[in-house]
J.: 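Just passing along the structure, written as structure tokens.
In what follows, every heavy atom counts, from backbone to side chain, and hydrogens, waters and symmetry copies are set aside. To find a chain, count down the sequence lines: A is the first, B the second, and so on, and within it residues start at 1.
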There are 2 protein chains.
Amino acid sequence: MGATKTEHFTDKQNELAVLAKAIGHPARVAIIDYLLKVDACICGDIVNELPLAQPTVSQHLKELKNAGLITGEIEGNAICYCINQKTFSKLQQFFTRINTKIEKKNNCC
Amino acid sequence: MGATKTEHFTDKQNELAVLAKAIGHPARVAIIDYLLKVDACICGDIVNELPLAQPTVSQHLKELKNAGLITGEIEGNAICYCINQKTFSKLQQFFTRINTKIEKKNNCC
DNA sequence: ATTTAATATTGCAATATTACGATAAAGATT
DNA sequence: AATCTTTATCGTAATATTGCAATATTAAAT
């Protein structure tokens, strides 16, 4: 008990859940916001932007990377983190599709 | 330690995080999918659609409701659960805005 | 008034997440 | 080579989530 029963759900359901879960922490939203704000990929700097210790930020970056929301490449002794356009595009599609379905529904409430 | 440091982030960041976190479980995605599929609000039935015990489903419904993603009204001895259009619309806006920003970025990677 | 049906709550065990200090790793600088 | 800078990993404590059996609640049906 306690572990999510991933195997009982469809790939698509799991895919959306993994992406949403990765976004489901304000520090990770803040990282995404920052990557968007600076209008470029970031080499270094991210730790100083967040009110969290360096290992904690590193961990959040790892989770965003694992989910495919950002990419990170070694660039000298820093790492260049970038938004992964494809994944965010996919997310938008998910929600656009959901909203289209909602609009077609019988408005019972 | 261990608790999310909500107070250090903006309201918007926390808002998106809360919504994303609520979607961040395949069972809850499956509930949303089902509410969309049946093209109506659901009175009863949801427990039978999921591979989880009734108390577990009840808990997931509660979390979706707390996040504002669905509404639930008592309807006789059943409860009528509905998609909350406003919240999904807001989510779509979040992701549309993010994607707009990404498209405007210098493509450095 | 009892029974039935649907949903919620409680209590608990298993697991996951969050956070950070200490330390490691690896390239850049001197 | 020694040092500095940047990021990752390890270890661990605190907290949260997931899941379910047992039980409670509430309204309909008999």
Side-chain angles (χ1 to χ4, degrees), chain A residues 1-9 13-14 17-31 34-35 38 41-67 69-82, chain B residues 1-9 13-14 17-31 34-35 38 41-67 69-82:
Chain A
M1 291 153 226
T4 296
K5 296 191 157 181
T6 307
E7 69 279 10
H8 293 313
F9 302 98
Q13 285 166 348
N14 282 310
V18 164
L19 294 177
K21 191 176 184 181
I23 299 176
H25 189 291
R28 296 194 287 268
V29 175
I31 291 171
Y34 185 62
L35 283 171
V38 295
C41 298
I42 293 298
C43 306
D45 244 11
I46 294 181
V47 171
N48 306 316
E49 292 296 319
L50 291 183
L52 295 168
Q54 179 267 324
T56 309
V57 175
S58 184
Q59 200 177 284
H60 283 306
L61 285 166
K62 193 177 171 186
E63 274 169 71
L64 287 170
K65 208 172 151 184
N66 284 343
L69 288 160
I70 63 173
T71 59
E73 272 172 57
I74 296 165
E75 191 93 0
N77 77 338
I79 291 202
C80 183
Y81 282 110
C82 305
Chain B
M1 292 152 228
T4 296
K5 295 191 157 180
T6 307
E7 69 279 10
H8 293 311
F9 302 98
Q13 285 166 348
N14 281 310
V18 164
L19 293 177
K21 191 176 183 180
I23 300 177
H25 190 290
R28 296 194 287 267
V29 174
I31 289 170
Y34 186 62
L35 283 171
V38 295
C41 297
I42 293 299
C43 306
D45 242 11
I46 294 182
V47 172
N48 306 316
E49 290 297 319
L50 292 182
L52 295 168
Q54 180 268 324
T56 308
V57 174
S58 184
Q59 199 177 285
H60 283 307
L61 286 166
K62 194 177 171 185
E63 274 169 70
L64 287 171
K65 207 172 153 184
N66 284 343
L69 288 161
I70 64 173
T71 58
E73 272 171 56
I74 295 164
E75 190 94 0
N77 75 339
I79 290 201
C80 183
Y81 282 110
C82 306

J.: Please report, rounded to the nearest Å, how far the C1' atom of C:dA6 is from the CD atom of B:Glu73.
T.: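 For the pair B:Glu73 CD and C:dA6 C1', the rounded distance is 17 Å.
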J.: Could you check how far CG of A:Leu52 sits from P of C:dT18, rounded to whole Å?
T.: 11 Å
J.: Between C:dT18, C:dA16, C:dA19, spot the one nearest the side chain of A:His60, thanks.
T.: C:dA19
J.: Please compare B:Thr6 and A:Thr4 by the position of their nearest nucleotide in DNA chain C and report the one closer to 5'.
T.: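 Nearest-nucleotide comparison on DNA chain C picks A:Thr4.
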J.: Which pair of non-hydrogen atoms, one from A:Cys82 and one from A:Leu35, has the smallest distance, and what is that distance?
T.: C-CD1, 4.4 Å
J.: Using atom CG of A:Leu64 as one end and atom C1' of D:dT7 as the other, report the distance to the nearest whole Å.
T.: 16 Å
J.: Is the shortest side-chain heavy-atom distance between A:Tyr34 and A:Asp45 below 4.5 Å?
T.: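 When only atoms from C-beta onward are counted, A:Asp45 and A:Tyr34 do touch, with a gap below 4.5 Å.
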J.: Just how far, in rounded Å, is P of C:dA19 from CD1 of A:Ile31?
T.: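 Whole-Å distance recorded here is 10 Å.
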J.: Nearest 0.5 Å, please: how far is CD1 in A:Ile70 from CD1 in A:Ile46?
T.: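 The distance works out to 6.5 Å.
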J.: Return whichever of A:Val47 or A:Lys21 has its heavy-atom-nearest nucleotide of DNA chain D closer to the 5' end.
T.: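 The residue closer to the strand's 5' end, by nearest nucleotide, is A:Val47.
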J.: Throw together a table of side-chain donor-acceptor distances under 3.5 angstrom for residues 58-65 of chain A, partners on residues two or more places apart or in other chains.
T.:
{"residue": "A:His60", "atom": "ND1", "partner": "A:Arg28", "partner atom": "NH1", "Å": "2.9"}
{"residue": "A:Glu63", "atom": "OE1", "partner": "A:Arg28", "partner atom": "NH1", "Å": "3.1"}
{"residue": "A:Lys65", "atom": "NZ", "partner": "A:Gly72", "partner atom": "O", "Å": "3.4"}

J.: From CG of A:Asn66 over to P of C:dA16, roughly how many Å is that when rounded to an integer?
T.: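 The answer, rounded to whole Å, is 15 Å.
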J.: With rounding to the nearest 0.5 Å, note down the distance linking OG1 in B:Thr6 to CD in B:Gln13.
T.: 11.5 Å
J.: When you measure from the side chain of B:His25, which nucleotide among C:dA19, D:dG19, D:dT17 comes out closest?
T.: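 The closest nucleotide is D:dG19.
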J.: Nearest heavy-atom pair of A:Ala27 and A:Leu50: which atoms, and what distance?
T.: O-CD1, 4.2 Å
J.: From CG of B:Leu50 over to P of C:dA6, roughly how many Å is that when rounded to an integer?
T.: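 Taking CG of B:Leu50 and P of C:dA6, I get 16 Å after rounding.
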J.: Might you point out which heavy atoms bring A:Leu52 and B:Phe9 nearest each other, and give the distance in Å?
T.: CD1-CZ, 4.1 Å
J.: Which atoms of nucleotides 8-11 of chain D (N or O only) lie under 3.5 Å from a protein N or O atom, and what are those distances?
T.:
{"residue": "D:dA8", "atom": "OP1", "partner": "A:Tyr81", "partner atom": "OH", "Å": "2.7"}
{"residue": "D:dA8", "atom": "OP2", "partner": "A:Ser58", "partner atom": "OG", "Å": "2.8"}
{"residue": "D:dA8", "atom": "N7", "partner": "A:Gln54", "partner atom": "NE2", "Å": "2.7"}
{"residue": "D:dA8", "atom": "N6", "partner": "A:Gln54", "partner atom": "OE1", "Å": "2.9"}

J.: In whole Å, what is the span from the CD atom of B:Glu7 to the P atom of C:dT18?
T.: 15 Å
